[in-house]
Each structure stands twice: as C-alpha cells, then as structure tokens.
S.K.: 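Input: one structure, supplied below.
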Amino acid sequence: MKKIIIIALALIASFLNACAGNNAPTAIPTIVLDGGNTSPTDNNGDNASSVTASAVIVPVNDARLSFSSVGRVTSVDVKVGDTVTAGQTLVRLDTTILEARVREAEANLAAAQAQVRFLMRQKTDQVHLDEANAEVERAQALLDSANATLAAQSTLTAPFDGIIVSVDIAPAEVVVPGQAVIVLGDLSSFQVETTDLSELDVTKIQVGQPATIFIEALNDEFAGSVADIDRIGSTLGGEVVFTVTLTLDQQPEGLLWGMSADVEIQTGE
C-alpha cells in the first residue's frame, strides 16, 4: 500500500505571527492521503476463454496450374465451370520443337547402336567396345529424357477431380514457366482459413479445439473445429499473423469460395 504525503507550504506564517505579536514557530500542516490499493488492473491480462479472427472460405483442395517451360498454346480444352477428372488434358502447347528433339535423340541412339555393330564386325578390342556400348546407354537416356519432356511439357492435365474456376490463357498465346493459366478447385468440400489471427493468440490454439464460425453471406453460425495451424507466419499490416484452418461439422448450402467469415475458437483458458 502506497502513501502519498503532500506537504503544504506555510500560509505566510511569519507575517501573521508578526502581526499577532506571536513569535512562536507555526507548525506546517501535513496531509496524508491513503490511496489504498491503487495498483491499476492489468488490462492486458487475458482471461478470455476464446480467440476471435476474420476468415475466408476456401476449398479443401485447389490448385493453380502452370507449365514448366515456354511454349505457344495450340488449344485450350476447358472453360470456366467445366467439371474435369484427374489426368484430363486442359491445355496443349505447340510440340514442334520438343518433337524435333525426340527425333534428334532417336537418330543419335541409332548411330551409337550402328557403331557398336561395326566394332563387333571388326572384332575390335573390348575396351573400345565397352566405350561404344556406354555411348549407346547415354543416347538411350537422352531419348528417354526427350520423350518425358514431350509428355510433361506439351500438355497441362488436371491433378485431381474438380471444377475449372479460372482460365487465363487462349490459343496462340505464349506461356512462361510459373505463369498460372488454370485454377482448379474441388468445390464439393470447403474449409475455413483465418486471415488475421495474431501471433499473440496463435499460441493458445490447438488442433481439435471447437469453434463457432459465422458466415456473413449466409447470416448464420456453424460449428467447426481447428484442423491445422501454419508452421510459419506472414506479415499483415506490419503485424505477424498465422493461418489457422478449421473444418465445418456440416457443409451448409450456398457456400462459395471466397466468402468472408468470423471465427471464435474456444481455447478453454
């Protein structure tokens, strides 16, 4: 308990004493205020049993598809809204150059094999014959690589069943490595991802904790639980935030990719 002692100044004591003819010293009044327990309540103390954050609705499975090499588009075989299956071709590139590389590799392999046959007819020594056979193996490897490149880089295929959400390419256009040309999503199942959950709150979150999810567009609350917590944070407005993924106990009707939501996670603290 703290005591605050306020010392008042003498109220012109000497002047009044002189007028009164009293030369006795005048005591200086002292006022003692007992502030009681003046320690402020710690407003930063967090006794809340829940954590809240803004969130967004996303598919459980989605992909932004791109090519790994430069190429000219010859055909786009899907449009927005199409349902596709895993392995289905979505976009094709001009394969003229890739096919030429395959033919070149085939020719090199044939030449290496002919060299081996020639050396065998000449009954050459084993050292030179081994070198020729090694060249055949190298040429075969280059042919296999060229064929694999032709198969992988000439077409873009769906990695899973889903719906085409976006098509950002057209025939005759040129793609570059890493350019997302198709967005694919499995819209049969959605989950919720937080967008602004602070690093100060993420330490209270554990997988399996129950949550209440309010979806603004549906104007309704739904039950869910924490499914995953990002292992690395990102920066939002100068603050470090972590993405927490939540699953819905039931998938409501009318749910769409990108809808906003507010989540309240029960931490039990």
S.K.: Just checking, any donor-acceptor pair under 3.5 angstrom between side chains of D144 and Q140?
M.R.: yes
S.K.: Within the distance-only criterion (no hydrogens, no angle test), does the side chain of E99 pair as donor or acceptor with the backbone N or O of T96 below 3.5 angstrom?
M.R.: no
S.K.: Please say whether more than 12 non-hydrogen atoms of neighbouring residues, nucleotides or ligands are located less than 6.0 Å from CD in E216.
M.R.: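 Count over threshold, so yes.
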S.K.: Do you see a donor-acceptor pair shorter than 3.5 Å between the side chains of D77 and S75?
M.R.: yes
S.K.: Determine yes or no for a side-chain-to-main-chain donor-acceptor pair under 3.5 angstrom, with T52 supplying the side chain and E264 the backbone.
M.R.: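 No, because the side chain of T52 does not come within donor-acceptor range (under 3.5 Å) of the backbone of E264.
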S.K.: Tell me yes or no: between the side chains of Q126 and D130, is some donor less than 3.5 Å from an acceptor?
M.R.: yes
S.K.: Can you check whether A170's main-chain N or O pairs, donor with acceptor, with E173's side chain at less than 3.5 Å?
M.R.: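 Checked: pair present.
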S.K.: For D125 and H128, indicate whether the former's side chain and the latter's backbone hold a donor-acceptor pair under 3.5 Å.
M.R.: yes
S.K.: Taking L129's backbone N and O only, do any of them form a donor-acceptor pair with N133's side chain (distance below 3.5 Å, no angle check)?
M.R.: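 Yes, the answer is positive, given that a donor and an acceptor are paired below the 3.5 Å cut-off.
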S.K.: Counting only heavy atoms not in E239, do more than 12 sit closer than 6.0 Å to its CD atom?
M.R.: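 Counting other residues, nucleotides and ligands, CD of E239 stays at 12 neighbours or fewer.
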S.K.: Any sub-3.5 Å donor-acceptor pair from T194's side-chain atoms to F242's backbone N or O?
M.R.: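 Yes, because the side chain of T194 sits within donor-acceptor range (under 3.5 Å) of the backbone of F242.
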S.K.: Any heavy-atom pair between the side chains of D220 and F214 that's under 4.5 Å?
M.R.: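 With C-beta onward as the side chain, the pair stays apart.
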S.K.: Under the side chain to side chain contact (heavy atoms under 4.5 Å, CB included) criterion, do I164 and K79 qualify, and how do the steps go?
M.R.: CA-CA 7 Å; I164 302 298; K79 62 182 182 300; over 6 Å; no
S.K.: For a quick test of reading the model, state the closest non-hydrogen atom pair linking Q209 to Q266 and the distance between them.
M.R.: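 Scanning both residues, the minimum pair turns out to be CB-O, 3.5 Å.
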S.K.: Should S234 and V241 count as side-chain neighbours, where that means a heavy-atom distance under 4.5 Å?
M.R.: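 Counting from C-beta outward, S234 and V241 do come under 4.5 Å.
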S.K.: Using only heavy-atom distances, determine whether the side chains of S69 and Q153 contain a donor-acceptor pair under 3.5 Å.
M.R.: yes
S.K.: Determine, stepwise, if the pair V73 / V175 fulfils side chain to side chain contact (heavy atoms under 4.5 Å, CB included).
M.R.: CA-CA 7 Å; V73 177; V175 297; 3.8 Å; yes
S.K.: Is there a donor-acceptor pair under 3.5 Å between the side chain of D82 and the backbone N or O of V78?
M.R.: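 Checked: no pair found.
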S.K.: Above 12 or not: heavy atoms from other molecules or residues under 6.0 Å from CZ of F160?
M.R.: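 Yes.
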S.K.: With no hydrogens and no angle check, is any side-chain donor or acceptor of S145 less than 3.5 Å from a backbone partner on A141?
M.R.: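 No: the side chain of S145 does not pair with the backbone of A141.
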S.K.: Using only atom types and a distance under 3.5 Å, with no angle test, would you say the side chain of R92 pairs donor to acceptor with the backbone of L90?
M.R.: no
